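Report on the following structure.
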Amino acid sequence: MERQGASATGPGPVRVLVVDDQRPFRTAAAAVIARMPGWEVAGVAETGEDAVAVAEDLRPDLVLMDYNLPGIDGAQAAARVREVAPRAATVLCSTYRAEDLRIDPATIAGYLHKEELGAPVLRALWARIHPAA
């Protein structure tokens, strides 16, 4: 039976997969999410390949994915995540400007500058991605 989470019609927390090769960002993002009512960290990954495997297993609602990852980059990993977990929305995260990145709107739900990471920004992104959620 499919889990009815925040991205579906049933109630449930917004389950987030955090993907970044830098432990400090993974830790900070997980801490922000853990403190947000109605949100939970579904898992973490360090590479694009790991993100695809973890997303397929955990079926998160939201994937916060670093753009620069070892192996396949965040944009490539996002396309693969879409194949294995089609309900997951992927938001690319970077210290670069969005216009400097190769972002495919068919596979990327949004962009987050890492300096903007915080509960209000995450809630606003989620509301834009899933207006009815």
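Computed from a prediction, not measured in an experiment: that's the story for all the values here.
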What distance separates M65 CE from Q76 CD, expressed to the nearest 0.5 Å?
-> 10.5 Å
For residues V19 and A51, report the shortest heavy-atom separation together with the two atoms involved.
-> CG2-CB, 3.6 Å
Nearest 0.5 Å please: distance from the CG atom of L69 over to the CG atom of D20.
-> 6.5 Å
Please answer whether the main-chain N or O of V84 pairs with a side-chain N or O of R59 as donor and acceptor at a distance below 3.5 Å.
-> yes
All heavy atoms of F25 vs all of K114, minimum pair found to be CE1-CG, 3.6 Å
Any V81 side-chain heavy atom under 4.5 Å of V52 side chain | yes
Scanning both residues in full, the closest heavy-atom pair of A89 with I129 reads CB-CG2, 3.7 Å
Tightest non-hydrogen contact, residues L58 and A42, listed as CD1-O, 3.1 Å
Any donor-acceptor N/O pair, D21 side chain to T47 backbone, under 3.5 Å = no
Sequence neighbours excluded, the answer for side-chain contact (heavy atoms from CB on, under 4.5 Å) partners of R128 is L125
With under 30° as parallel and over 60° as perpendicular, where do the rings of Y111 and H113 fit, or are they tilted in between?
-> perpendicular
Closest non-hydrogen contact found for V41 with A34 is CG2-N, 4.4 Å
Just wondering, do L64 and L122 contact through their side chains at under 4.5 Å, heavy atoms?
-> yes
How far apart are the closest heavy atoms of V54 and A45, and which atoms are they?
-> CG2-CB, 4.4 Å
About how many Å separate CG of N68 and CG of D73, when rounded to the nearest 0.5 Å?
-> 7.5 Å
Any W126 side-chain heavy atom under 4.5 Å of D61 side chain = yes
Point-to-point distance, once rounded to the nearest 0.5 Å, from CZ of R15 to CD1 of I33 = 12.0 Å
Say you draw a straight line from CZ of R80 to CD of E49; how long is it, rounded to the nearest 0.5 Å?
-> 6.5 Å
Here the gap from D66 atom CG to Q22 atom CD, rounded to the nearest 0.5 Å, amounts to 7.5 Å
R26: partners by salt bridge (Lys or Arg N to Asp or Glu O under 4.0 Å), with sequence neighbours left out = E46
